[in-house]
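What follows is a set of notes on a single structure, which appears directly below.
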Amino acid sequence: MQQAPTVLHVGWMSRAVDALVRSGAEVTCAVKPADAPAARTVCARTIVVPDPTRSTDVLAGLARAGLAADAFDAVCSGLEFCLLDAAAIAGDQAGVSRALAMRDKFVQKRGVRDAGVRTADCAVLDETGAAATALPSFPQVLKPLDGGGARNTFLVADERELTAALGQPEFTAGGGPWLLEEYIPGVEFQVDGFVEGGELRLMSISRYVQNLIEVHSGGLVAHIVLPPRTHPELYAKVRALAETAFKALGHHDGVFHLEVFQHAEDGEIVFGECGARVGGGRTDEVVERAFGVRLHDVWARLATGRPSGVTSSPGHADDKVFGGMNLSARPGPVRAVPSAGEVLDRPGVVYAEVSAGPGTVLPDTTEATNLRAGLAVVSGADEREVEDRMRRLADWFAAQVAQETSDTAG
Ligand SMILES: Nc1ncnc2c1ncn2[C@@H]1O[C@H](COP(=O)(O)OP(=O)(O)OP(=O)(O)O)[C@@H](O)[C@H]1O
Ligand SMILES: [Mg+2]
């Protein structure tokens, strides 16, 4: 490949596109109209399409611009929902199969299970009528086949709860097919890093402060990186699982965001799911501080067929532990919200961004883990101190947000 590869990025994600540009690529970006102004500031060329998650739209946009998809050195995306389309647009059939294995929850679980990796039993629910007998036992988790952020993901204890869940508007309004999974009890972890030439080059294991499904009952969405030196056994077990899983899924070169459980009964690791993308929230900022690796830069180079650029073996910071968290508040219109600077002044906070501001209508953040008012990266001497600081920060932030409703009521 030439020195400055020409790259088509599908969809808009500023951190991914910035990394491509930093890597020396000449970037064309296919984006929806609302993202066009931002894309134009950094991309060599911007193609505006109705919906970049639809390959039909992107291919038509390219044709209107007189461009051929195969004229690019690489077609890629940092966005989970565009990964498969990027491979399809590139006309890369093997890439489509790999992207599918890293995306479809059923195909993925079947793939790793066939390779001997422990994962939840699951069944696709084409029509809701067959739900009760789809899996042999309860509890179960009911979820969308291509979900994100734990949205519309329900833990059901028995047939009665399953029937009740299927009676919710999300189900009765159509949609589907859906996925039913055996419920895995235990602590949940996110595992981030990259594979290069089939070798697992970086693996960062974080414990979710509360399992993500607890977002629906107001649980804190936060993760804390566990240093390998204090958790050697966990790292060894997860590494063994990840290496087998990536081989089975054909993920030889690229970043990953893996979710696993440590089974409550026997302590063994159970595969949850895995995406070929940088983890959500500010996983990038957390991993950079914990391991000194910029995941978007690694993604940009591997996604365009170049070496990762990481030459040494990344080690964890000696003196500190880091974690990332959502900042949330009650839903509704906001009158005032702490600034990122004020969040940065709280104990241990090393990075902050606040997306809400006066006039913002905050969504109900219990609906999904990717709904929030802001994000923070918190440091501490150990895991316990980081968790304690996170809980205090979450409470402080929520209390500081001035809502129109509370004001008018008062
Ligand atoms: N089989 C299961 N056993 C136990 N908990 C589960 C199971 N499936 C899902 N969960 C819980 O629900 C959450 C969301 O499920 P899952 O990760 O499959 O969907 P998602 O919405 O795609 O999340 P992401 O945003 O990570 O892509 C998980 O993080 C976990 O907390
Ligand atoms: Mg998940």
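When a ligand or atom number is given, it counts from 1 through the structure's own listing order.
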From Gln190, Glu188, His231, Glu383, residue fulfilling side chain to side chain donor-acceptor pair (under 3.5 Å) relative to Arg207 |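 Filter result, single survivor: Glu383.
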
Is any N or O atom of [X], backbone or side chain, closer than 3.5 Å to an N or O atom of ligand 1?
X      : result
Ala120 : no
Lys105 : yes
Gly147 : yes

What class does the angle between the rings of His216 and Phe154 fall in, given that below 30° is parallel, 30 to 60° is tilted and above 60° is perpendicular?
->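 Ring orientation of His216 relative to Phe154: parallel.
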
Using heavy-atom distances, let me know which of Glu188, Glu259, Gln210 sits nearest atom 29 (O) of ligand 1.
->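 Comparing heavy atoms across Glu188, Glu259, Gln210, the nearest one to atom 29 (O) of ligand 1 lies in Glu188.
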
For atom 1 (N) of ligand 1, state which one of His257, Gln190, Glu80, Glu181 supplies the nearest heavy atom.
->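 Residue with the shortest heavy-atom distance to the ligand atom: Glu181.
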
How far is [atom] from the closest protein heavy atom, and which atom is that?
atom                    : result
atom 18 (O) of ligand 1 : Lys143 NZ, 2.6 Å
atom 3 (N) of ligand 1  : Ile184 N, 2.8 Å
atom 23 (O) of ligand 1 : Glu273 OE2, 3.3 Å
atom 11 (C) of ligand 1 : Ile213 CB, 3.6 Å
atom 21 (O) of ligand 1 : Ala150 N, 2.6 Å
atom 5 (N) of ligand 1  : Phe261 CZ, 3.5 Å
atom 25 (O) of ligand 1 : Gly149 N, 2.6 Å
atom 7 (C) of ligand 1  : Val141 CG2, 3.7 Å

Locate the shortest heavy-atom distance separating [X] from [Y]; write the atom from each residue and the value.
X      : Y      : answer
Ala356 : Leu362 : CB-CD2, 3.9 Å
Thr28  : Arg45  : OG1-NH1, 2.9 Å
Phe322 : Arg289 : CE1-O, 3.6 Å
Gly78  : Met13  : O-SD, 3.4 Å

Hey, is Gly272 one of the residues with a heavy atom under 4.0 angstrom from ligand 1?
->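 The answer is no: ligand 1 sits nowhere under 4.0 Å from a heavy atom of Gly272.
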
What is the OE2(Glu273)-the Mg ion (ligand 2)-OE1(Glu259) angle, to the nearest 10 degrees?
->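 Rounding to the nearest 10 degrees gives 100°.
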
Would the number of heavy atoms belonging to other residues, nucleotides or ligands and lying under 6.0 Å from NZ of Lys32 be above 12?
->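 Count not over threshold, so no.
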
Count the heavy atoms belonging to other residues, nucleotides or ligands that lie under 6.0 Å from CD of Glu26, then report whether that count exceeds 12.
->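 No, the 6.0 Å shell around CD holds no more than 12 heavy atoms from other groups.
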
Can you find a pair of side-chain heavy atoms, one from Arg160 and one from Leu162, that are under 4.5 Å apart?
->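 Not touching, per the 4.5 Å side-chain cut-off.
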
May I ask you to identify, for Leu212, whether its side chain, its backbone, both or neither come under 4.0 Å of ligand 1 on a heavy-atom basis?
->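 The part of Leu212 near ligand 1 is both the backbone and the side chain.
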
Of all the atoms in ligand 1, which lie at a distance below 4.0 Å from a heavy atom belonging to Thr153?
->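 Once the distances to Thr153 are compared, the set is 12 (O).
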
Arg391, Arg384, Arg392 screened by salt bridge (Lys or Arg N to Asp or Glu O under 4.0 Å) with Asp388, the one that passes =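 Option passing the salt bridge (Lys or Arg N to Asp or Glu O under 4.0 Å) with Asp388: Arg392.
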
